[in-house]
Amino acid sequence: MKRYTLLILFFVGICAVSCKKDFLNRPDINNPTLDTYYTNAAQVNGATGLLYGYAWFPFMDRAYLSIGDIMGGTGITQGPGDYAPYMNFTVSQTDAQVLNAWKAFYKVAGSATILMNAFEAKKASASNPAYLNQGIAEAHFIRAVAYFYLARIFRDVPIVTDPVALASSSDIRVPRYVQSDVLKFVIQELKAAESGLGETAYQPGRVTTYSAKGMMAKVYLYMGDYENAKAKAQEVINSGKYDLFSDYYQMFSTDKSNNNIESLFALQWIVGGDYQAANHLQTNIGPAPLLAPINAGGYSSVVPSITLLQSFEPGDKRRQVIMEQGWTRSDWTNVNFPNGFKYDTLTTGSATDQALKIKNATRTNSAKYVTGTGSNGDNVIGSSTDMNTYILRYADVLLIYAEAVLGNNSSTSDPSALAAFNKVRARAGLPALNTLTKDIILKERMIEFNFEGDYWFDVQRQGFEKAKQILWSQERGTYDYNGKLQHVDVKLQFTNASQLYLPIPASEITVNDLLAQPAVPYYK
Amino acid sequence: MRITLFLLVTIFVQISFASDAQQITLHKGVIPFEQAMQEIQKQTNYEFIYTDEMLAGTRPVTLNFNNASLEQVLHECFRGQPLTYFIRKSMIVLQRKPVSQKQMPLLSKALPSDTVTIIRGVVTDEKGVTLPGVSVQAKGTSSMTTTNTEGEYVLKVPSSAKELIFKYVGMEPLTLAIGRRVQINVTLRASITTLNDVVVIGYGAVRRAEVTSAISSISEKDIKDLPVSSVEQAMQGKVSGVSISSNGGQPGGGISVKVRGITSVNGNDPLYVVDGVPLAFGSSTNYNAGGAAAAQTAQSALSAINPDDIASVDILKDASAQAIYGSRAANGVVIITTKHGKQGESKVTYDTYFGTQQLQKKLDMMNLSQFAQYENQTLQQIATVNATTYTPIPEYADPSILGPGTDWQEGLFQRGNMQNHQLAFSGGSDKATYYTSLNYFDQNGIVIGSGLKRYSLRINIDQHVNSWLKFGVSSTLTKSDQLVSLTNGSATPISIAVGNSPAAPIYLNGQFAPAIQVGGYQFGSNTNPLALASLQKVTAGFNKAVANIYGEANIAKGLTFRSQFGFDFSLNQNTFYQPQVYNGVIPIIPQSSINEDRGIGLFYNVSNYLNYNRTFGKHNVSLQAGQEAWVSTYNDLSGSRLNLNLNLESIAAGATTGQTSGGGKYQSAMASYFGRVGYVFDNRYSFNASLRRDGASNFGPNNRYGYFPAASAGWTVTNEKFASNWKNLNYLKLRLGVGEVGGVGNSGTAPYSARLFQQNGAFGPGSWPANVPNPFLKWEAVRTYNAGLDATLIDRKVELTVDVYKKITTDMILSSSLPSYTGIGTNYNDIQAPVVNAGQMTNTGVDISLTSYNVNTNNFSWKTTFIFSHYQNILNKLNSGSSVIYYSATDALNTSRIVTASMVGKPVGEFYGFVTDGIFRSANQILSSPDQGLAVTPKGTWVGDVKYKDISGPNGKPDGVIDSYDETVIGNPNPKFTYGLTNNFTYKGFDLNVFLQGNYGSKILNFTKLITEGEYNVYNNQLVDVLRNAYSPANPNGTLPRYNEWNENNRRLSDRFIEDGSYLRIQNVTLGYNFPKQLIKKAKLSAARLFISGQNLYTFTKYSGYDPELGSFNNNALYTNVDNGNYPNPRTFTIGANLTF
């Protein structure tokens, strides 16, 4: 009978292993689940904090300057490559940066939406939902900014407010909505943010009700609604909570300037974590002798254009953000520059000088967001940095105000407009002006916001004819190896109003044919 | 038992085990001898083998025993009988007592001497080993006997008999004329038919003749001598219905194995079961630690199993066979049985080979002189378009004085070498058998910085404890270290090196050279690709301990209980390391870094099952019922540091600033019950049915359980009476089967709940939902209908197996693929789209396997095997609302783009892009052609640019604009059919194997041409073809487009990059020589063989890249046959020896 005893023992053994009810219960052990999360302020704030960072990265990586500065003409690229189609206005619907921009903004908006909806659902079980309301308002703000970019880059775009429902529905197609409705949606979102956000940031760098007001001013200005633009800018100015940062160059050259008094909304980056959570701009635009030795980088992919260089008035302190012959930073050291970095476009000769010589297309590099090698204590890993990216700063609010006051007039000498305008010039060390015109303001904006991915939108909102006039007069050429100017302009390239906007990515049209159909109204 | 059942019985010997220590209790009194044998047979598992003739003159015996041993009982019974016996395995073979010379006259007296001749002799096999138990019959008479333990026989033959027939399992029957001989010694040759081979099915084994479903088998003979690191490679082209292709020539690299087409878009790797334990963990490298873009990382699933230890591989191809493995069998099941010791043998074998490997062909890139010409032309064109002054590069003014420059391919590819050593000890007694082996395999790849080293140890033991209990262990320890060359990505050595300028040197001042300046242009790259290839070390260490222990009890006659516990413990150790390297002050690799990733996997399973198998007259019944449960856990930890002190290859040498760490824990479990019923009537009709119920932790509580049924039937036509006279059809069986199996797809961990994913941002850590949950997710289901036939034709000279099938996959588990505007994506840090059951896919196909024994004489034999597989894959349905799965990949230029589209109504994974219509030859032609999407300017669309066809538009009609509506499927990577042709020749001691394999009708996307024919910058080297055939004002008839750096229209994915992927390859030729016994005896060897072999000798193909055998990128069916800097399969020559002591 031994064999039967053995058999029984085996069967008992089996049940001990696999008949247990929870044998198959193996939830994810690395992560919490939604059911048990977002129950306190720290969890909600942690989640919204991410909306300021890495989701924007695919846009910030290359599209940001390609669109804002190369198309705008403040920056140029030196040869073929990712940036070239922007230089030539030959951006196709399969262009990588087009897709990156599209994906980034929709990811930002989608994430904000999912958080917003998750927080709304949590309100029922929260005793005091203040932290949830705060999070919802922040998410509205972020979503507004993302759609504002979409409307300016692609004009008519889909709006998605419940991605989860869309994902589980039988038809995932969404039409394009007319740009005016998208902008209206942006204003609506900003209103929700304006009413839900506090007067002061609960953590430095978080958006406030004034961030929302300032952003509304920018959107209204873009829409040509000068009354509202003026009113919202006025509210920010009158609050007294913001001011210009004293040193223009310092504002862009060290992470110690992050979240300064001038910043209303800035993307927040951090090195040492996710690659996409850090600011890599200096990798792309910095000079190789400075950055290549600390890690691959310093590609000088976009450099200041000759037009930009020629626009500075003598004595303009803002020219410090342009590295040119002789520009030095004694506190930036690396293996090439043990005694400090010196921008040198002239050295020639031996083979090894390649490491030091800078001979790029305009013999300049932008110094904005270039914080150096980390030798001076700035947080730099590889060549990526903690440096924030300004999306809205007080100088913008001041110039918006001035432009809104000017409105459709050919010129203005309104004292409040002049005061706002001249405050910006004063910081640059330039004399005050007595009369303002559209062109004066635009030129000031071009210099003030150069290499901040913004000038193209200023050109764009002027309409095709004016844009053509601006762009055709730009010098987009380069200096050849021997220093001779090779003239380039875009008279043959920028010829069609459709070039004011980028094409919708092909891969998106492929999955949603409505994107190739005419836009429809969002608000009926 | 009568001799007629002999064949049937012996086969069960191999799967049922009994012991001679059995206790017998019998109280029957005096009974006839024959009845006594039947009684003993009932109590034991022993069968008596005899003929009625033999029983003549036997005496009755007294059966009164209490707990007597078998030996005692037999001793009693045979005392004084005219018979003697010997035991072989579980048979008691009876024979008449030898007739001595003295007895002969007596015998002659007893029987009329004029009618009987006594014939004696010895029966041996081809190797001269004597064969006991061979039946010897005088043809046309009832005179019959069997050989004794020494292989001797003595037979009284009536004078009417003219011929003797010798029969033995596994041997060809032999009929010999008697003539006047009284001494007839014969040699039997091994049977060439496969019908008696044992086929391993799930949780058991049957004879090939009883199989009713589609199962293909290959044995160690088919795979020996091949210099492969993993057994799948050796199976390529040898099994019908199984498509196997290497994903490249990387030593130990991934291999795409597809059983009967594409079962699911989620991957097609079959379930591998090694000695009854499912193989738990594959491995892959941590490729991106060095910052490279996505590259090929999958490794061969079986790379941890030493191919030399494998005795047989059985592939369950249709669901009627697979269903016993239920939810894990959707992609087919590959059952691997390792070698076990054999009773009565005791041998030491040493097998070795040494090989050398080389690149099959080089791409025809420009040399420096040609490159200079190209630069001169190109710079002129650029200046014209930019309206600037053409400033020539002075160094290139006279290309004819320039030498060949740097051949980067020469630098990247090397002569590889390999060696393999296998030392094995095996043997056994009646009670125990053992097999142990030690193996060392070492291969350097043909791309610098790639290789594989493997050490493995195997111990297999089977032991009888007592008469009814047996246990065994099979276990292996493997350490495999792979040095990986990253391939099929944008920053991988092959794609960079191929396009590197011949003007740039590899070395400068004895160190790796940085980029070089020529005339103000920088050629080459500071990050020298050969420095990356040889100094960056990407390693995948794979350490594995797999063991299983079983116990098997004989509970009652025909009823066994088997219990098995197995585990698979693996330690994966992946490392990325790069030193800091400077040439003078110029950084080649600017920063040193190391990244280590360790994963500990533990998989264990328990299975218990009862087997019942008995024959009642003409009825054979088998039943099986059992249970299985497994748990799999994986624990991963990784860390990295930068700036290593003195470039030391240790994480301890790195700086803590900027260090990273990561990891996670994963677990899953499954609990199952299964049962099977088999019934065979009269060896003519057979029927099998099985059912399995699986519960899996992957699914939410509501949809956790799945049921997987199957049924199949077979009819052996030739066992019918009416077929007994069929001359040229020796054997014919028809089979029909249907079954359903399942899969858990790529459902990931707990897809039924929303997990939160923590990220670090400037405001500190925060958590976002990682996925959109789907609480209703359930199993993928695959239903297969199979019809087949097995036939043996023309005097057993031809064996044919044909199977036709239809396989329908439903409820495919798909990540819903959503447009980006939903904000829900598929990138690692996106909020992931819900995983849903959607979609249906059908594969229909034919598998044919034909073996012909052309010549089979003692000195010369020639055997031909032809394998043919065809499948057609159609995607029938997808998520509601979407009709296409697009697959995007990063191309050689680091741009992500849609590469394949899997559309409803079409095959999975077709290439997707534009259709070209030549090149614009004039401005008028541009203006009269569809709008190519860019302004008609030198920087937009211009003469010399590619013209794309206007295929459709928003209204479904051509709209005069080239845009995304004009993209369509432009090539199917699936072949129309694949084939393999093996010819085996033996002549005396020589053996020759010639193996060809190939496919017809597949298409390849040659992405490497984006670089080599890209013509978008002046820095990259190009194919010579570009210099000759690119359009330029000076060459207006050029067939390739003009140089264009201003926009990317010429580099749209189009049929320009699609090529015919058909090929026929001389895959293997092996010539071996077996040394004669007399010669090697002096060296104390019992067998010795020497062989030389060539692999991949020549490929007939139109494909212009390195190698048309591309496989699937990381085994992904949606990304198949894309050459994006693939590692070419090398040509290999080996020399080796097999020695037996």
Side-chain angles (χ1 to χ4, degrees), chain A residues 3 7 10 14 17-18 23-24 26-34 37 46-47 49-50 53 80 85 88 90 92 96 102-103 106-107 109-111 114 158 160 163-164 166-167 170-172 268-270 273-274 277 292-293 295-296 352 355 381 481 486 492 506-512 516, chain B residues 388 468 520 553 555 561 563 584-587 590-591 606 608 627 629 658 664-665 667-669 671 695 697 749-750 753-756 759-763 765-769 772 816 818-824 831 833-834 880-881 895 898 933-934 937 939-940 954 964 1016-1017 1045-1047:
Chain A
R3 60 182 86 172
L7 184 62
F10 272 126
I14 300 162
V17 181
S18 59
F23 180 76
L24 294 178
R26 311 268 170 175
D28 188 344
I29 42 184
N30 298 310
N31 303 292
T33 63
L34 193 54
Y37 211 72
L50 299 178
N88 299 320
T90 54
S92 74
W102 176 274
K103 277 185 172 171
Y106 275 112
K107 180 169 170 175
S111 304
I114 284 174
V160 177
V164 175
L166 189 64
S170 62
D171 190 353
I172 50 170
Q268 312 278 323
W269 304 107
I270 183 167
D274 192 292
N295 197 359
T352 52
I381 294 181
Y481 190 68
Q486 301 280 352
L492 284 175
S507 54
E508 294 284 283
I509 299 179
T510 307
V511 288
N512 177 4
Chain B
T388 51
W468 57 273
I555 301 166
F561 173 71
S563 185
V585 297
I586 304 173
Q591 193 171 35
V606 179
N608 294 284
Q627 157 279 340
K665 285 180 175 179
Q667 56 171 353
S668 58
S697 61
T749 310
S753 63
R755 288 159 285 123
L756 293 177
Q759 279 272 69
N760 202 23
F763 294 120
S767 295
W768 280 6
V772 177
S816 32
L818 297 175
S820 301
Y821 57 74
T822 57
I824 293 171
I831 296 174
S880 46
T895 300
I898 293 176
L934 295 175
T937 67
K939 289 184 181 178
S964 54
Y1016 65 96
N1017 70 29
E1045 67 174 38
W1046 303 277
N1047 62 67

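All figures in this text were calculated on a predicted structure; none of them were measured in a lab.
For a residue to count as touching a neighbouring chain, one of its non-hydrogen atoms must lie under 4.5 Å from one of that chain's; by this rule A:W269 touches chain B with the backbone only. Proximity to chain A involves both the backbone and the side chain of B:P769, based on heavy atoms less than 4.5 angstrom apart. For A:I114, the part lying under 4.5 angstrom from a heavy atom of chain B is the side chain only. The contact between A:P32 and chain B is made by backbone and side chain atoms together, counting heavy-atom distances below 4.5 Å. For chain B, no part of A:A109 is nearby; none of its heavy atoms comes within less than 4.5 Å. Residue A:D28 touches chain B through both its backbone and its side chain, counting heavy-atom pairs closer than 4.5 Å. Contacts of B:T822 with chain A are made by both backbone and side-chain atoms, with heavy-atom separations under 4.5 Å. Both the backbone and the side chain of B:Y821 come within less than 4.5 Å of a heavy atom of chain A.
Distance alone, capped at 3.5 Å, places no donor-acceptor pair between the B:S753 side chain and the A:P27 backbone. Side-chain N or O atoms of A:Q268 include none that pairs as donor or acceptor with a backbone N or O of B:G761 at under 3.5 Å. A donor-acceptor pair under 3.5 Å is formed between the side chain of A:N30 and the backbone N or O of B:K665.
Remark: A:S92 OG to B:L934 CG distance equals 6.5 Å, nearest 0.5 Å. Annotation: the span from B:W768 atom CH2 to A:N31 atom CG amounts to 15.0 Å, rounded to 0.5 Å.
Between chain A and the options B:G695, B:G940, B:A762, heavy-atom pairs under 4.5 Å are most frequent for B:A762. Of the listed residues A:L492, A:L34, A:L50, the one with more heavy-atom pairs under 4.5 angstrom with chain B than any other is A:L50. Highest contact tally toward chain A, considering only B:E1045, B:K939, B:Q759, is held by B:Q759 [criterion: heavy-atom pairs under 4.5 Å]. Comparing B:S668, B:S820, B:G933, B:G823 by heavy-atom pairs within less than 4.5 Å of chain A, the highest count is held by B:S820.
For B:F763, the ring-ring contact (aromatic ring centres under 6.0 Å, His included) partners at least two apart in sequence or on another chain are A:Y52. Shown here are the side chain to side chain donor-acceptor pair (under 3.5 Å) partners of A:K107, two or more places apart in sequence or in another chain: B:N829, B:D830.
Residues B:N1047 and A:N88 fail the side-chain proximity criterion, which asks for heavy atoms closer than 4.5 Å.
Residues A:A292 and B:P590 share a closest heavy-atom pair of O-CB, 3.6 Å. Heavy-atom minimum distance, A:R26 versus B:S697: CG-CB, 3.5 Å.
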